[in-house]
Asks: 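Encoded as structure tokens, here's the structure I'll be asking about.
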2 protein chains.
Amino acid sequence: MRSPEELTTAFRAAGLKVTPQRQLLFTLMHNNSAHPTADSLYAVASKQMPGISLRTVYQTLTDLTEMGELRTIEVGAGAMRFDPNVSDHHHAVCDVCGAVQDVYVNQAPELRGLDGFAVADAHIVYRGRCASCSASVKRS
Amino acid sequence: MRSPEELTTAFRAAGLKVTPQRQLLFTLMHNNSAHPTADSLYAVASKQMPGISLRTVYQTLTDLTEMGELRTIEVGAGAMRFDPNVSDHHHAVCDVCGAVQDVYVNQAPELRGLDGFAVADAHIVYRGRCASCSASVKRS
DNA sequence: TTCTAATTTGCAACGATTGCTAATTAGCAA
DNA sequence: TTGCTAATTAGCAATCGTTGCAAATTAGAA
Ligand SMILES: [Mn+2]
Ligand SMILES: [Mn+2]
Ligand SMILES: [Zn+2]
Ligand SMILES: [Zn+2]
């Protein structure tokens, strides 16, 4: 996702308005590696802008996704997550704390059973324990 | 997933009753490679047993999953799918018709960015066009 | 056949998301 | 600077998939 400044220009160029709500969300998502849900982002945004609506958070995240600035990821159960990192990558979800981190694969694996299926996209979700949760287990 | 006969024995051994509803669902899921949702299974079950409730379908699928006879899979959006194939495998989802087919990977890919994350499980969802939908495109 | 714990059913409630609309406002033009 | 208006916001209802709950039913043991 581009910087808040670049997005401001891009929005205006597309005939969209740059509102205080949108500016706040631009800055909250820029370089955000937490893979937040709409609701968790709303919680953070509400602290800085009391009264912002969850509906607006959803709307802006959808707009940014349609513009290709964000990608959405589903990690099994729970709400949709939004990712400003639109490069080709995968995700690891901690079963203990729920944290989501980026994972890159070096070479695509060899497949069996494809049987004529034309693959356009692949997304891997790894599950396990993140580094800090693994450390907690050793300590206890 | 085991055969309806074996499941009958297993259920009784676990102190669970074998009802007509459960027997029907055992046979509908046995060797079922369609990866049905609860709702699509309910539609099929209703034809053979009018009056069966969606709630019972959910309940029985949950029971079978907890017993390890089924696994659940999430393929991005839409409802949960149930799979009697509990072997280690992945899925390809057709973006045109929604069909889900099994995919096996020969060797796990090399990962970057894991950074201490202890992987317990991986699930790959491929998206694209299934063989028959690819054929339709060529024809048109 | 009787008894009772397990099951089924229907419906309410839930969490995540989207549709709708009245009120507000960004940004352009005068 | 002011006025105009299309875009946006906020609030709330509605939707979808799923689960909680409780009354009625029933499998299967005694
Ligand atoms: Mn990511
Ligand atoms: Mn499968
Ligand atoms: Zn963790
Ligand atoms: Zn298809």
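Note on naming: letters A, B, ... go to the chains in the order of the sequence lines (proteins, then strands), and numbering restarts at 1 for each one. These numbers come from a predicted model, not from an experiment.
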Asks: Which residue is it: Glu6(B), Glu5(B), Arg12(B)? I am looking for the one with a side chain to side chain contact (heavy atoms under 4.5 Å, CB included) to Thr8(B).
Replies: Arg12(B)

Asks: Roughly how many Å is it from CG in Leu24(B) to P in dT8(C), rounded to a whole number?
Replies: 11 Å

Asks: Closest to the Ile52(A) side chain: dT18(D), dG28(D), dA10(D)?
Replies: dA10(D)

Asks: Among dG20(D), dT7(C), dA6(D), which nucleotide has an atom closest to any side-chain atom of Lys17(B)?
Replies: dT7(C)

Asks: Counting Watson-Crick and G-U wobble pairs only, both distances under 3.5 Å, name the nucleotide matched with dT26(D), or none.
Replies: dA5(C)

Asks: One thing to verify: whether Asp95(B) and Arg127(B) come together as a salt bridge, which I'm taking to mean a side-chain N less than 4.0 angstrom from a carboxylate O.
Replies: yes

Asks: Which class fits the ring pair His90(B) and His123(B): parallel under 30°, tilted 30 to 60°, perpendicular over 60°?
Replies: parallel

Asks: Which part of the nucleic acid, if any, lies within contact of Gly78(B), taking any heavy atom under 4.0 Å across all strands shown: a base, the sugar-phosphate backbone alone, or nothing?
Replies: nothing

Asks: Please state how far atom CG in Leu61(A) lies from atom C1' in dA16(C), giving the value in whole angstrom units.
Replies: 13 Å

Asks: Heavy atoms under 4.0 Å, any strand shown: does Gln21(A) hit a base, just sugar-phosphate, or nothing?
Replies: sugar-phosphate

Asks: Closest to the Thr19(A) side chain: dA10(D), dT8(D), dT18(C)?
Replies: dT8(D)

Asks: Under 4.0 Å between a side-chain N/O of Arg55(B) and OP1 or OP2 of dC11(C), yes or no?
Replies: no

Asks: Check for a donor-acceptor pair, side chain of Arg112(B) on one end and backbone N or O of Tyr104(A) on the other, with a separation under 3.5 Å.
Replies: no

Asks: With heavy-atom distances below 4.5 Å as the criterion, would you say the side chains of Glu69(B) and Phe26(B) are in contact?
Replies: no

Asks: Using the closest heavy atom to pick a nucleotide of DNA chain D for each, name whichever of Thr37(B) or Thr60(A) lands nearer the 5' end.
Replies: Thr60(A)

Asks: Rounded to whole Å, how long is the line connecting atom CZ of Phe11(B) with atom P of dA5(C)?
Replies: 21 Å

Asks: Find the distance Arg12(A):CZ to dA26(C):P and express it as a whole number of Å.
Replies: 10 Å

Asks: Measure from the side-chain N and O atoms of Thr60(A) to the backbone N and O of Val57(A), and report whether any donor-acceptor pair falls under 3.5 Å.
Replies: no

Asks: Closest approach to the side chain of Leu16(B), judged atom by atom: which nucleotide of dT8(D), dA6(C), dC11(C) is it?
Replies: dA6(C)

Asks: Let me know the distance between OH of Tyr42(B) and P of dT8(C), rounded to the nearest Å.
Replies: 14 Å

Asks: Would you kindly give the CG-to-P distance between Asp63(B) and dT7(C), to the nearest whole Å?
Replies: 7 Å

Asks: Separation of Leu54(B) atom CG from dT18(D) atom P, in whole Å?
Replies: 9 Å

Asks: Of Arg22(A) and Phe82(B), whose closest DNA chain D nucleotide lies nearer the 5' terminus?
Replies: Arg22(A)

Asks: Distance check needed: dT15(D) P versus Asp39(B) CG, whole Å only.
Replies: 16 Å

Asks: Out of dT18(D), dA27(D), dT17(C), which nucleotide sits closest to the side chain of Tyr58(B)?
Replies: dT18(D)

Asks: What's the closest nucleotide to the Ala38(B) side chain, out of dT17(C), dT8(C), dT18(D)?
Replies: dT18(D)

Asks: Below the 4.0 Å mark, does dT9(D) have OP1 or OP2 next to a side-chain nitrogen or oxygen of Ser53(A)?
Replies: no

